[in-house]
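A note on names: the letters A, B, ... follow the listed sequences, proteins ahead of strands, and every chain is numbered from 1.
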Amino acid sequence: MATIQDFKTEKPTWCPGCGDFGVLNAMQKACVNLGIEPENVAVASGIGCSGKMSQHMGGYGLHALHGRSLPNAQAIKLANDKLTVFAAGGDGDGFGIGMGHFIHAMRRNIDITYIVMDNHIYGLTTGQASPTTEVGMKTKTSPKGAVEQPIAPVQLALAQNCGFIAQGFSGNIKQLTSLIEKAIQHKGFSFVNVFSPCVTFNKVNTYDFYKSHLVNLDEDESYDAHDRILAMRRVAEANNIVVGLIYEDPERASFESTLPGFPETPLVEEDLSISEEGYEEILATFR
Amino acid sequence: MATIQDFKTEKPTWCPGCGDFGVLNAMQKACVNLGIEPENVAVASGIGCSGKMSQHMGGYGLHALHGRSLPNAQAIKLANDKLTVFAAGGDGDGFGIGMGHFIHAMRRNIDITYIVMDNHIYGLTTGQASPTTEVGMKTKTSPKGAVEQPIAPVQLALAQNCGFIAQGFSGNIKQLTSLIEKAIQHKGFSFVNVFSPCVTFNKVNTYDFYKSHLVNLDEDESYDAHDRILAMRRVAEANNIVVGLIYEDPERASFESTLPGFPETPLVEEDLSISEEGYEEILATFR
Amino acid sequence: MHEQIGWKVGGKQGEGIDSTGDIYAIALHRMGYYVFSYRHFMSLIKGGHTNYKIRAANRIVRHHGDTTHVLIAFDQTTVDYNWHEMVDGGVVIYDSTSFTATKPDDANVNLCGVPLTEIAKECGNPIMKNMVAIGVSAAINKFNPDDFIPVVQDKFGKKGQAVVDANMDALRRGYAYFNENFNISFPAPPVPERAEGDDHLYVSGNSSVGFGALAGGCRLLAAYPITPATEIMYWVIEHLPKHGGVVLQAEDEIAAVNMAIGANFTGVRAMTSTSGPGFSLMMEALGLAGMSETPLVIVDVQRSGPSTGLPTKTEQSDLNEAIYGTHGEIQRIVLTPKTVEECFLLTAEAFNLAETYQCPVIVLTDLYMGMSYQSIDKFPVAAVEHRRGKLITEQELKDLGVYEYHRYNPEVKDGISPRSIPGQKNGRYVALGNEHNGIGIEVEDLETRTSQVAKRQRKLANFQHFTGVSVDGDSDAPLALIGFGSTWGVLEEAREELEEQGIKVKHIHFSRVFPFPETEFHAAMESVTQGLVVELNTTGQLTELIHKSAGYHGVLEKCLKYDGDPIGLSEIVSAAKKTFKVGVHS
Amino acid sequence: MHEQIGWKVGGKQGEGIDSTGDIYAIALHRMGYYVFSYRHFMSLIKGGHTNYKIRAANRIVRHHGDTTHVLIAFDQTTVDYNWHEMVDGGVVIYDSTSFTATKPDDANVNLCGVPLTEIAKECGNPIMKNMVAIGVSAAINKFNPDDFIPVVQDKFGKKGQAVVDANMDALRRGYAYFNENFNISFPAPPVPERAEGDDHLYVSGNSSVGFGALAGGCRLLAAYPITPATEIMYWVIEHLPKHGGVVLQAEDEIAAVNMAIGANFTGVRAMTSTSGPGFSLMMEALGLAGMSETPLVIVDVQRSGPSTGLPTKTEQSDLNEAIYGTHGEIQRIVLTPKTVEECFLLTAEAFNLAETYQCPVIVLTDLYMGMSYQSIDKFPVAAVEHRRGKLITEQELKDLGVYEYHRYNPEVKDGISPRSIPGQKNGRYVALGNEHNGIGIEVEDLETRTSQVAKRQRKLANFQHFTGVSVDGDSDAPLALIGFGSTWGVLEEAREELEEQGIKVKHIHFSRVFPFPETEFHAAMESVTQGLVVELNTTGQLTELIHKSAGYHGVLEKCLKYDGDPIGLSEIVSAAKKTFKVGVHS
Ligand SMILES: Cc1ncc(C[n+]2csc(CCOP(=O)(O)OP(=O)(O)O)c2C)c(N)n1
Ligand SMILES: Cc1ncc(C[n+]2csc(CCOP(=O)(O)OP(=O)(O)O)c2C)c(N)n1
Ligand code: SF4
Ligand code: SF4
Ligand SMILES: [Mg+2]
Ligand SMILES: [Mg+2]
């Protein structure tokens, strides 16, 4: 059985106090708790501070292009469905340049887990407005305050009927670990948005901010995470500042389970050759 | 005052019976009804049968790239806010390759009208599955039936708090015209999704199909188009097959009205030169 | 008796022109002829002129031919548009039920009205005018109507025997009508003998690419529809799942290529297929594959550009982007198959090259190659190999121990370090687009940077592969026709014709343009004092590539075509005669 | 006394290295020196070695210099990393409060421990160790501490006079401490005289590009953040709105470039700025601008590639993509400004070219040019023109009447047909990426296609513009240093040094690479028997472009650098001496 140590690699280069440490920690713990071996984990990540996740999380990494971790991750899973596959990245990466892939990954519903480190800022490029930057916040590209309404990732996920939606906070690693565990276990696309403070460039959405504003749905016994419209209302009312399991549809069938002819054997284990009969069958179609 | 004739150009090359004729007609009528002159209209469109809208609708046209009409249209409006600006395209164009721009145009909220001719198929490329193709429908790229859940454009628009959301049907030009008029009048980004049957490649979502399934919200007195979550519930319950004004937030401020320093004069009328003092002020920053 | 016949049907899009052509072409193919067919169509669904040209011969042909003996015209536009290519004494059949054709000029061409629609109506459905036309054609080409039964059966069988019978009836009536009313014929040549061991297959470049991918071990295709590449998707969707593969229709081309990268990273041979606009969208990912040394195969079925251009027309104008596209510098291989057999073989081979050199491989075909169907003797299936390149084994990893495997070991002599595959214990690394150290961690020091650049550059430094330059004709010839990709067939015919006219010319053809086959090309050019580079683009991209890589300024002339139509034999021959300024025996 | 001083501060990222450098650099600039500064930094936010080099001289300098007289080291890494560039007798100041520096080798360099942090603490805050270091530096360079008051005031003024005073106190204490404890100095040269009418400005390539855009009439910038181009956005966000302009932060680079196209279509001069990865994403839109003949300006601030590469390092490796990127073939212009003054002027001029030729114009700079700050005498503001190219007037449209205006009239002799602007009556047309007729309707016939291709090709057929090739040095020289873009300054110094050593060499430099300035280049090369092309990339992209466009195979050697650092004077000089194999006077 793997331990946390097995999921550790080089020392992360994040700023001390960066929320991404917590996310890394929770991902590692979730894998350990579920008995997953590091060689069976693959992380595809985009570009950003958060994008360095694939370097810092043990397991195979594909540190890909800005905004494109989801296409990579989906194909990794199809190529070898024995792997536990994460896509990981930032709010700019996932909700800016990568928005189209996000919505389409939800409809396609391949069994991967998408973790967004949502710090409401472009960290790695040193502090520009991101798609989730709040109206009025001053950043290097909005020196007089941002004017565009922020992206509402959880509401979009609900609208597109994503089968598993959770939101976590780097400051609560225990809850985050459990959410990621559930996400991994969900059979289909799972989305975990994490409030992961950027201590260097975002002086508004800080640990303290979240500690004093977050509503924890996991602690609300009356909350039913299986009613999509109810979830929408609740999230909207809390102005998105909620954590917990927001929505789950355990019945929603994954792409792999519905695609006609999806192979039993992982693609990576298929024989590359075609049998004589296989060739003959194909050639017949050309005659 | 311009007449319908002034908005007519070459004979459209769409198949006889194509729903896009109805959309063109409604756009022309809406402009005429609102007293808009053709030279003050600009249509940016993507690639697809629907993308030919910029060629067929009188007024200036930018027949742009597949999926990119929204970036074009938003900039056209900023460049000259005296123009009435449409973005137009298909479901593949807008909800496939163009999805990211769609979500971001809603958050940015520039005062343009986006019209999608949603035929649930790729028409121009002769019948592949589109992002709104229904599960189970057979197309050239889903010969055994589509497996991916369709995009829910109206629900996504509601989730992202788009300020004006309507859905129309090519088979009801009167209603569609009125929806487009309202969309043009809305100060901010307006979205009109139109069920526009492809008579050649989609034998499921036909005129008859819509005639027998559509729920008309405009005829429902009890419906309140100002409650976002209610709208979400209603649309979801009807499995998206509704027409009418779905949601409007007349208070939502447009990008132009909130961007600090947005000029009074249209950009296109600005002087290209900088005054002596202007130069001096800039040079001072370099000393 | 003719060695070959040129047949064409034309009309409005949506009028059934394609299926008429298909039936005639497949019937002739099944009779045993070598058929080559080319569809002319437009980027709209209904209306607009379309035509379907068939050339049938008693030897293999790799071009649809410049001339037409029989033209079936469903409207006057078809007559006007195609008149110029009618042979002397050729015959135009027009549907006299719907219009009366007029001659555009006084060329010696027979204009024969046949009430195609009326006859079809008599058989029960005006839609069968196409079958009547086929019957008329069969009469002119002196075929036996019964020879069409199998094709008609195949085509309409699933609609019931009555439909089959009605269609055959229409065909026979057309046949009879023509024989009764006219006395013109262009008898087809005798059916050629089939050589021992030869098959007889009717294939397109797109289906050959699909088949090549499958045979080459591709098990995942991610693609976004685009003319003229979508047919590759169709072929693969039909066949790949039977062999354990998966096809993904991506939300856009950026997703498609990144999916292909993801699967290749995971050890599965994967590709994407597209055309120009989609290819341009893949430029960033191309760089990722290059930098992360991840195998990747991209097929670009070129169409007429730039931008949306002429989406249903052919061109060879993405060569520059294939060679130079993406910011910064990566290792890549660009193949340009010159026949449908090479479409098959080089696509299969692309996966070997991609895995051997751990870099992207681009296969450039074009609309003409991709969408034209032609009869061939066989696919080179026996030549397909699976060479997976350097893959580290479980045992090697075990021996190394934890954290000791260096995926990007810059010291490997040939620049190619063994890959591990996710799931392998101790094989952990990060594939990435940042500059990196041996295990794939971003580092920025000068030594790592220069050693990794040098490592990657070594990979293709002495590249050798059977693709490259082919030389046909007299090896001492002082004159050369030079081309790449799909023009091989027509250039071969041009060479033969020029030789027949006494002009000593060889034909140098690239089936790989990058790495530029420098040595072979110099060797091929040794005897050459003048070369004519024939390319379907406006700037002479191959010519410029040759100038850059090998010189020959002042030696090369260009014959460029970029109107969207495939180049004709006579265009090449006349350009050659003008360029080569040699005394012509006549 | 020295003609110039090299000063550097280094430490961990996030430690205030940048602000230390900024204060020293701006102070020296304000004193009247010509300053050039270069920041070495990494693609992570905290930790990692960073340093800030300042060269200050009594004449204009366009390079940060190879050598350092004074190094302020906040850690041992800084000592190790920068040791090799210390001059003989140079001085390394290290923070003895936090570590004891050791010499990497026995070079004659003074290692002086100063308790920077401790002194800072005495002033009230350890963070002021940077100000102490500046004081020490001022002592070594023999400046008057009072000369720093204005800069310190500027920097800390808004935090209150107490903070200003504390910082000046720290500076003075550092100054005093050094003078009391050490007796080493590198006095700065006398401040140069300022010529009549000269200003004294401290600018970067990025701010110059932003300023050039504004001056050139750009009124809309759409961009997506990316190092090293984001500073252009910052500059423009600060200044454009004051002049009636708008800045859009796009959701990605594809949106950004398509926004720029939309605005240009509407008659507003608009651009986008990016770096390699973003530039690759713009390839499809580049083709749209070309095909629809819509003006477009793209600034690509190159960084070290391929893929994500080394995002904070410099390179000149996007030349190929700028020239060849996008599928199919379009007309385009590629400018490569060689100085910050040209960054200003050529960006402004790019809009004139884009509108005059109705095509995309790409301005290629790089991280080194873009992010380095330097003192210059003035911007060529008087040289800025606004030439809008052919725009049809309301009156002309009125005279034409409805539906008579042909935006894409293929008959125009120079290939450039007048544009109308949305809002103009009777000016209706469709701008599009499909092949089209005169009014912008998709058509596919051969005549339209060929006439429109020919129209577009005529536009740049006889392109003439003041950008092109510059020649410095002896016009008869048989040897040439050849480069493009940002390397002009260091190549000029190299030429001077080689000349001093008695080597007759000229310096040929491209400020435009496409259309290739063929005639001028041939003229420049007339006397040349051997050329050394100096480029910051791995394959020699400029060399290959020259081979393709002008020949000179066998005449050109390459000096390539691609480790991410800017090229040094000595690297060029030694490569030149090796290549030119001439007897050197020594
Ligand atoms: C195509 C492309 N555009 C832009 C960039 C520059 N870039 C790198 S990271 C980044 C944004 C990072 O923000 P986010 O995704 O929120 O991640 P964070 O650093 O905040 O974790 C950008 C714009 C890039 N690498 N590639
Ligand atoms: C980048 C790019 N990819 C693919 C295409 C090919 N293409 C043209 S139209 C189209 C889809 C059209 O579908 P839709 O947007 O629904 O429009 P419709 O024809 O149904 O109106 C595609 C895939 C293209 N032109 N550009
Ligand atoms: S800049 Fe922000 S997001 Fe990036 S590592 Fe530092 S704290 Fe984290
Ligand atoms: S193919 Fe469909 S969408 Fe296209 S024109 Fe015909 S009916 Fe309309
Ligand atoms: Mg972020
Ligand atoms: Mg559609």
Report summary line: Closest heavy-atom pair, Ala236(B) versus Ile229(A), reported as atoms and distance to 0.1 Å, is CB-CD1, 4.1 Å
Report task. Can you check whether anything in residues 133-147 of chain A gets within less than 4.5 Å of chain B, heavy-atom wise, and list it by number? Result -> Lys144(A), Val147(A)
**Report entry** Which portion of Ile97(B) sits near chain A, non-hydrogen atoms under 4.5 angstrom
**Finding:** neither
Query raised in the report: Which atom names give the shortest non-hydrogen contact between Ala152(B) and Gln160(A), and what distance separates them?
Result: N-OE1, 3.0 Å
Query - Greatest number of heavy atom pairs closer than 4.5 Å to chain A - which of Gln155(B), Arg233(B), Glu148(B) - result: Glu148(B)
Report summary line: Rounded to the nearest 0.5 Å, the CG atom of Asn161(B) sits from the CD1 atom of Ile151(A) at a distance of 11.0 Å
Query raised in the report: Listed by residue number, which members of residues 241-265 of chain A have a heavy atom under 4.5 Å from any heavy atom of chain B?
Result: Arg252(A), Phe255(A), Thr258(A), Leu259(A), Pro260(A)
Query - Toward chain B: residues of residues 100-128 of chain A with heavy atoms under 4.5 Å - result: Gly100(A), Ile103(A), His104(A), Arg107(A), Arg108(A)
Query raised in the report: Relative to chain A, which segment of Pro153(B) carries a heavy atom at a distance below 4.5 Å: side chain, backbone, both, or neither?
Result: neither
Report task. Just jot down the ring pair (Phe, Tyr, Trp, His ring centres under 6.0 Å) partners of Phe189(A), sequence neighbours excluded, or say none. Result -> none
Query raised in the report: Most heavy-atom pairs under 4.5 angstrom with chain A, which of Gly98(B), Pro150(B), Pro131(B)?
Result: Pro131(B)
